[in-house]
Amino acid sequence: MNRALVAKKNIILTLLLVPAALAFAAPQVQQVEPLCWWTDMTCPLTLMLHGTDLADAQVTVSQQNAKGRWITPTQGLVVTGQHNAQSPNYLFVDLDVKQAGNYRFTLTKGNKRTTVDYTIHPRRDGSRERQSFTSADVIYLIMSDRFVDGDETNNSTKNTIEKCDKSNVNGRWGGDIQGIIDSLDHIAQLGATAIWPTPLLGDNEAEWSYHGYACSDYYHIDPRYGTNELYCQLVREAHAKGIKMLMDMVPNHCGGSHWWMKDLPYQDWINQFPTFTRTPNNFTANYDINASQYDRQLSNRGWFDYPMPDMNLENPDLLKYFQQWAIWWIEYANLDGLRVDTYPYIEKVPGAQWLKAIRDEYPNINIVGECWTRPTPAVAYWQSGTKNFDGFDSNLPTVMDFPTEEAIRQALENDGNFYDGGLMRVYNTLTMDYLYGDVNNLLLFVGNHDMDRFADVVKDGDMRRVLLGHIMVATMRGIPQIFAGDEYGCKSADRSKGHSTLRMPLPDESTLTAEQRNLYDNIVKIYRFRKSEPIIHNGKTMHFMARDNTYGYFRYTDEGAVFVYINAAEENRTIPTDHYAEILNKYNPIGKDILTGSVYDLRRTDIVVPALSAIVVRLSR
């Protein structure tokens, strides 16, 4: 008989005779997420294990005792269930957490086994009841890579593809967590009380990775920014200065370089198409009663961009993964709130379930979502508490007020001398405040990292107009947000090259013009006034129809009022104080302008406000 054929038969016979238990390969674990957990959490714990040949492995757990010995069984951490994914390299393990301690999981397949150590921490006192950002806060938005380079040693690292190149406008420039720490005094001096950095988690794309919105690792800070430990230090030092910390999260999409893209747990872990299919960037289909199912599906499932696979939160394991991920970072880093990128692009119902899990864990947490659309009804739909026609509640407490942002920008980009133009746009926008679930929980701004600098768009780049915009942001209902550099009236380096040139580092103060210094001084005055004025934090609004490109409004409570008069005209204007009798009669009409220190008697009808200026007067009862 042919020797090769005999050998082959012997091999087959041997395999048939070998006990099944010996046929398994040893399972290997490469990732365990979440990285750790805590006692007394509302959210049940499900670990996602990833490695090699994990399917059907039997999981047992032991606990380390005071003498360092591993004992089993344990009542402190109990396996209540497990299930495979489609890929054989994943295993999901459900756990009942009873006691803090060090634990060891043993994964067994046949006579092969591997172990994984895991820690359950005691939850910090008061964690569940933590307070968050509110209308009493001012948020400072930082484009993390472009802000301040506080540590040049981490500008490029061996484990990240894109290296620092400050000659490339679309490349990495070295801004980092240490730079934010070094700038805390500047932020506090400005009157800001919270920081929103753009994503600091791993983003390992080969190019354009500086923006951070293509996540490659949900549980580790990108090494070009620092470490998880340094991030926690930033939060501690910010808290010591009375500054809250928000994390920018992106559950809608990941980066193409994420490790799971080489081995998806399930084929529906991401939304897939035969060819690249982009979202239409229009999410009106979510509430359009005439919309087709095709448009609804594409709105939530199309990819945001080529290197950004769209996540499918309708997969229950992915939804649970993202719920735990958000909760983990809040607990681990002691965060004060979240900002959610591209919120309406997420599958609508799972998105609301994601937020509910976070708010069940932290009932007082505030979360602001980017709902970049207009007009007001389209934005209000996404705010929790809004009385929507279909009964949908997003569980999203705060939405970004793009309608008011657009109205302020358009009001100040020209002289307003046309019907329904100028500050009448702002007035008309605020007339629709009744649509929102909570008008004091809107994020109000005139610029951010995704739009031309405010100083780029106001007429003539005039710093007086820039200041008028900030006065409105600082004194209207809602939560003000300042984009880093706008306090100096920064402009884009070269608008023809796109948004990368508006995402520039803070200027050296020695390079500021006299006009920029004056702008900064007044912005500090208005935001620091706002910081200490509860009337603006909690008050109601009464406004008066804009005339001749002016706008007068009151923020008021039973204790007092703040009167704001904006003159965006290119001529002096006289305040029509006699129009305001219905509210002025309730307060002492004599007050001081917080910008100039001038004292005004608002019973007078001859108060002149110079062109392109404003007064902000605090009135007592």
Does [X], at its [atom1] atom, have more than 12 non-hydrogen atoms belonging to other residues, nucleotides or ligands within less than 6.0 Å?
{"X": "Lys163", "atom1": "NZ", "value": "yes"}
{"X": "Phe389", "atom1": "CZ", "value": "yes"}
{"X": "Glu129", "atom1": "CD", "value": "yes"}
{"X": "Arg113", "atom1": "CZ", "value": "no"}
{"X": "Gln272", "atom1": "CD", "value": "yes"}
{"X": "Asp390", "atom1": "CG", "value": "yes"}

- Query: Would you call the rings of Tyr332 and Trp328 parallel, tilted or perpendicular if under 30° counts as parallel and over 60° as perpendicular?
  - Reply: parallel
- Task: On the 0 to 90° scale, with breaks at 30° and 60°, tag the Tyr343-Trp382 ring pair as parallel, tilted or perpendicular.
- Result: perpendicular
Under the 3.5 angstrom rule, does the side chain of [X] hit a backbone N or O of [Y] as a donor-acceptor pair?
{"X": "Asn364", "Y": "Gln131", "answer": "no"}
{"X": "Thr275", "Y": "Phe273", "answer": "no"}
{"X": "Glu370", "Y": "Thr342", "answer": "yes"}
{"X": "Glu361", "Y": "Cys43", "answer": "yes"}
{"X": "Arg503", "Y": "Arg146", "answer": "no"}
{"X": "Arg104", "Y": "Ser62", "answer": "no"}
{"X": "Thr157", "Y": "Pro223", "answer": "no"}
{"X": "His211", "Y": "Trp208", "answer": "yes"}
{"X": "Asp401", "Y": "Leu444", "answer": "no"}
{"X": "Thr106", "Y": "Thr60", "answer": "no"}

Can you find a heavy atom in the side chain of [X] that is under 4.5 Å from one in the side chain of [Y]?
{"X": "Trp354", "Y": "Val340", "answer": "yes"}
{"X": "Pro27", "Y": "Thr52", "answer": "no"}
{"X": "Thr227", "Y": "Ile221", "answer": "no"}
{"X": "Cys371", "Y": "Phe402", "answer": "no"}
{"X": "Ser209", "Y": "Ile161", "answer": "no"}
{"X": "Asn388", "Y": "Tyr287", "answer": "no"}
{"X": "Phe105", "Y": "Leu77", "answer": "yes"}
{"X": "Asp268", "Y": "Glu314", "answer": "no"}

Minimum heavy-atom distance [X]-[Y], with the two atoms named:
{"X": "Glu205", "Y": "Glu162", "value": "O-CB, 3.9 Å"}
{"X": "Asn441", "Y": "Gln383", "value": "O-NE2, 3.2 Å"}
{"X": "Leu184", "Y": "Ala238", "value": "CD1-N, 3.8 Å"}
{"X": "Pro403", "Y": "Tyr436", "value": "CG-OH, 4.1 Å"}
{"X": "Pro377", "Y": "Leu435", "value": "CG-CD1, 3.6 Å"}
{"X": "Val97", "Y": "Trp38", "value": "CG1-O, 3.8 Å"}

Is any side-chain N of the basic residue among [X] and [Y] closer than 4.0 Å to the acidic one's carboxylate O?
{"X": "Arg124", "Y": "Asp40", "answer": "no"}
{"X": "Asp305", "Y": "Arg278", "answer": "yes"}
{"X": "Arg172", "Y": "Asp222", "answer": "yes"}

- Task: Among Tyr225, Tyr219, Trp329, find the residue that satisfies the ring pair (Phe, Tyr, Trp, His ring centres under 6.0 Å) test when tested with Tyr231.
- Result: Trp329
- Query: Looking at Tyr321, Phe92, Trp260, Trp259, which one forms a ring pair (Phe, Tyr, Trp, His ring centres under 6.0 Å) with His50?
  - Reply: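 Only one of Tyr321, Phe92, Trp260, Trp259 forms a ring pair (Phe, Tyr, Trp, His ring centres under 6.0 Å) with His50, namely Trp259.
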Quick one: [atom1] on [X] to [atom2] on [Y], what's the gap to the nearest 0.5 Å?
{"X": "His83", "Y": "Thr46", "atom1": "NE2", "atom2": "OG1", "value": "7.5 Å"}
{"X": "Leu318", "Y": "Met48", "atom1": "CG", "atom2": "CE", "value": "9.0 Å"}
{"X": "Arg224", "Y": "Asn204", "atom1": "CZ", "atom2": "CG", "value": "6.0 Å"}

- Positive for side chain to side chain contact (heavy atoms under 4.5 Å, CB included) with Asn366, one of Asp336, Leu443, Thr398: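 So the option named by the test is Thr398.
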- Message: Under the criterion side chain to side chain donor-acceptor pair (under 3.5 Å), I'd like the reasoning laid out for Ser384 against Asn395: C-alpha separation, chi angles, the key distance, then a yes or no.
- Response: CA-CA 5 Å; Ser384 182; Asn395 292 310; 4.7 Å; no
- Query: Do Trp269 and Asp317 pass the side-chain contact (heavy atoms from CB on, under 4.5 Å) test, and can you show the C-alpha distance, the side-chain angles, and the key distance before you say yes or no?
  - Reply: CA-CA 9 Å; Trp269 194 254; Asp317 283 332; 3.9 Å; yes
- Query: Stepwise, does the side-chain contact (heavy atoms from CB on, under 4.5 Å) test hold for Phe322 with Ile346?
  - Reply: CA-CA 12 Å; Phe322 275 145; Ile346 307 168; over 6 Å; no
- Item | Identified side-chain hydrogen bond (donor to acceptor under 3.5 Å, both in side chains) counterpart of Tyr345 within the set Asn281, Thr279, Asn286 |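 Looking at Asn281, Thr279, Asn286, the match for Tyr345 under the side-chain hydrogen bond (donor to acceptor under 3.5 Å, both in side chains) is Asn281.
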Regarding [X] and [Y], do their side chains bring together a donor and an acceptor under 3.5 Å, going by distance alone?
{"X": "Gln58", "Y": "Thr108", "answer": "no"}
{"X": "Asn282", "Y": "Thr284", "answer": "yes"}
{"X": "Asp56", "Y": "Asn84", "answer": "yes"}

- Message: Walk me through whether Phe483 and Trp196 qualify under side-chain contact (heavy atoms from CB on, under 4.5 Å).
- Response: CA-CA 9 Å; Phe483 179 34; Trp196 154 25; over 6 Å; no
- Assess whether side-chain contact (heavy atoms from CB on, under 4.5 Å) is satisfied between Gln30 and Asn89, documenting all intermediate values. CA-CA 10 Å; Gln30 297 167 355; Asn89 300 318; over 6 Å; no
- Decide yes or no on side chain to side chain donor-acceptor pair (under 3.5 Å) for Ser299 and Arg296, but give the supporting numbers first. CA-CA 5 Å; Ser299 174; Arg296 287 197 180 99; over 6 Å; no
- Residue pair Asn102, Asp117: steps toward the side chain to side chain donor-acceptor pair (under 3.5 Å) verdict: CA-CA 7 Å; Asn102 295 320; Asp117 290 347; over 6 Å; no
- Task: Output, in order, the C-alpha distance, side-chain angles, deciding distance and verdict of side chain to side chain donor-acceptor pair (under 3.5 Å) for Gln178 and Asn154.
- Result: CA-CA 10 Å; Gln178 188 59 54; Asn154 64 11; over 6 Å; no
